[in-house]
Colleague: 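Quick one: this structure, given as structure tokens, is what I'll be asking you about.
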Amino acid sequence: MAKFDENFFKASNTEQTKLEDILSESESILWQGKPKKSAYILAKVFKMLPLALLWLLFDGFFIGMLLSSGATKNMPPFLIVFICVFFLFHLIPVWIWIAGIVTANRQHKNLEYAFTDKRIIIRSGIIGIDVNSIYYVDIVNVNLKVGLIDKLLKVGDIYLLSGNKAQVLWDIENPYHITTRLQKIVNDIKSDVYYPNALRPEVNEGYNTKYKDK
């Protein structure tokens with residue numbers, strides 16, 4: 001029977017917010033990084049920008065028509081309050097866009113990625129800190145997306161498909177190099193898990209398979 005350690009689940013006096021504090025015993029970091037700040041904040045500005053501007057222009061047109069026509073002068077107070085509340089809620093897409101821009105710096109400060117020899121760790125949050133772990137053995141695909149703005153800023157987004165869930169590592173510098181290395185880590189560790197060294201034959205003819213036309 002394994003020895004029970006009564007201190008195993010005891011919390012330390014300091015809150016664990018650094019990536020180094022999240023690591024398990026014997027776990028080491030292979031790569032650690034953050035999104036490029038200028039690219040990340042710029043992406044928040046352009047995200048929903050066309051929709052937010054169209055929504056703002058649409059509502060602004062009707063609000064301007066009401067004010068310029070003088071229709072509000074003869075309206076009962078409760079109707080004016082109703083119209084104000086209506087547009088306040090109708091402009092929610094604009095408020096969401098503004099909130100994304102305002103909180104972008106805070107999000108970037110708390111957002112950090114790490115590749116360890118066991119998993120991928122994503123640290124994020126605005127007020128509290130969330131930690132998400134993706135184990136290499138669960139990763140199905142590692143893809144890279146580089147848009148026009150990404151190309152100009154020399155960054156890229158790495159998409160990780162794990163089961164039916166997708167995670168994105170945003171605005172990574174040297175994206176092609178990092179993606180290639182990550183793909184190799186995933187392949188190597190999955191091979192070790194599914195086909196340990198002790199079970200590997202010295203000669204495997206499958207590695208030298210030749211494909212020829214009939």
Side-chain angles (χ1 to χ4, degrees), residues 17-20 22 29-61 63-64 87-116 119-136 138-189:
T17 57
K18 295 182 180 179
L19 282 176
E20 291 78 4
I22 303 166
I29 294 178
L30 306 176
W31 176 86
Q32 185 174 349
K34 294 172 64 70
K36 186 175 182 179
K37 188 172 183 178
S38 58
Y40 185 80
I41 293 179
L42 195 61
K44 291 292 184 181
V45 173
F46 282 106
K47 186 179 181 181
M48 291 182 62
L49 177 61
L51 175 63
L53 288 180
L54 285 174
W55 211 282
L56 188 60
L57 288 172
F58 182 80
D59 283 11
F61 172 78
I63 293 172
F87 280 109
L88 183 66
F89 280 96
H90 197 259
L91 285 167
I92 283 179
V94 178
W95 308 140
I96 293 174
W97 173 64
I98 293 173
I101 297 173
V102 171
T103 60
N105 186 66
R106 181 67 178 177
Q107 291 180 49
H108 179 269
K109 181 180 178 180
N110 292 335
L111 187 56
E112 196 169 5
Y113 311 123
F115 305 157
T116 76
R119 55 182 168 155
I120 296 173
I121 302 174
I122 301 176
R123 175 186 179 274
S124 61
I126 299 177
I127 300 175
I129 300 297
D130 301 325
V131 178
N132 186 23
S133 295
I134 307 170
Y135 288 88
Y136 296 115
D138 296 325
I139 295 177
V140 179
N141 281 319
V142 179
N143 297 315
L144 175 65
K145 181 179 178 181
V146 180
L148 177 60
I149 297 177
D150 294 330
K151 189 174 182 180
L152 294 174
L153 297 175
K154 299 180 180 180
V155 297
D157 302 327
I158 300 176
Y159 287 76
L160 307 173
L161 179 60
S162 174
N164 295 324
K165 188 177 180 181
Q167 292 281 351
V168 185
L169 311 183
W170 300 105
D171 302 312
I172 301 297
E173 297 185 80
N174 300 317
Y176 295 102
H177 172 73
I178 298 299
T179 302
T180 301
R181 301 304 297 173
L182 179 57
Q183 288 171 337
K184 185 178 187 307
I185 293 171
V186 171
N187 182 67
D188 288 345
I189 291 183

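Quick note: residue numbers are just sequence positions, from 1.
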Colleague: Determine, step by step, whether L88 and W95 satisfy the side chain to side chain contact (heavy atoms under 4.5 Å, CB included) criterion, reporting the C-alpha distance in whole Å, the side-chain angles of both residues, the deciding distance to 0.1 Å, and the verdict.
Modeller: CA-CA 9 Å; L88 183 66; W95 308 140; 4.1 Å; yes
Colleague: Find the distance between CD1 (I189) and OG1 (T116) and round it off to the nearest 0.5 Å.
Modeller: 7.0 Å
Colleague: Does atom NZ of K34 have more than 12 heavy-atom neighbours from other groups under 6.0 Å away?
Modeller: yes
Colleague: With rounding to the nearest 0.5 angstrom, report the CG to CD1 distance, N187 to I139.
Modeller: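 Between N187 CG and I139 CD1, I get 11.5 Å after rounding to 0.5 Å.
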Colleague: Any non-hydrogen side-chain atom of L49 less than 4.5 Å from a side-chain atom of W97?
Modeller: yes
Colleague: Listing request: all side chain to side chain donor-acceptor pair (under 3.5 Å) pairs with a residue in residues 168-180, at least two apart in sequence or in separate chains.
Modeller: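 Matches after skipping sequence neighbours: none remain.
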Colleague: Under the side chain to side chain contact (heavy atoms under 4.5 Å, CB included) test, which residues partner D138, sequence neighbours left out?
Modeller: Y135, S162
Colleague: Does the side chain to side chain contact (heavy atoms under 4.5 Å, CB included) test come out yes or no for W55 and L91, once each step is laid out?
Modeller: CA-CA 7 Å; W55 211 282; L91 285 167; 4.1 Å; yes
Colleague: Decide yes or no for I121 and V131: does some side-chain heavy atom of the first lie under 4.5 Å from some side-chain heavy atom of the second?
Modeller: yes
Colleague: Keeping the roles fixed (side chain from N110, backbone from G125), state whether a donor-acceptor pair exists under 3.5 Å.
Modeller: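 Looks like yes, one N/O pair under 3.5 Å.
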Colleague: Nearest 0.5 Å, please: how far is NZ in K37 from CG in L111?
Modeller: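 It comes to 12.5 Å.
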Colleague: Taking C-beta and beyond as the side chain, do K44 and H108 meet within less than 4.5 Å on heavy atoms?
Modeller: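 When only atoms from C-beta onward are counted, H108 and K44 do not touch, as no gap falls below 4.5 Å.
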Colleague: Are there over 12 heavy-atom neighbours, none belonging to I127, within less than 6.0 Å of that residue's CD1?
Modeller: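 Open: at most 12 neighbouring heavy atoms sit under 6.0 Å from CD1 of I127.
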Colleague: Closest approach of L160 and I120, non-hydrogen atoms and distance?
Modeller: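 In this case the closest contact between L160 and I120 is CD1-CD1, 3.7 Å.
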Colleague: Quick one: side-chain hydrogen bond (donor to acceptor under 3.5 Å, both in side chains) partners of Y113, sequence neighbours excluded?
Modeller: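 Y113 satisfies side-chain hydrogen bond (donor to acceptor under 3.5 Å, both in side chains) with no residue once adjacent residues are dropped.
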Colleague: How long is the span from the CD1 atom in I178 to the CD1 atom in I172, to the nearest 0.5 Å?
Modeller: 7.5 Å
Colleague: Flag the pair Y40 / L153 as yes when at least one side-chain heavy-atom distance between them is below 4.5 Å, and no otherwise.
Modeller: no
Colleague: Between the side chain of Y159 and the main-chain N/O of V168, is any donor-acceptor distance below 3.5 Å?
Modeller: no
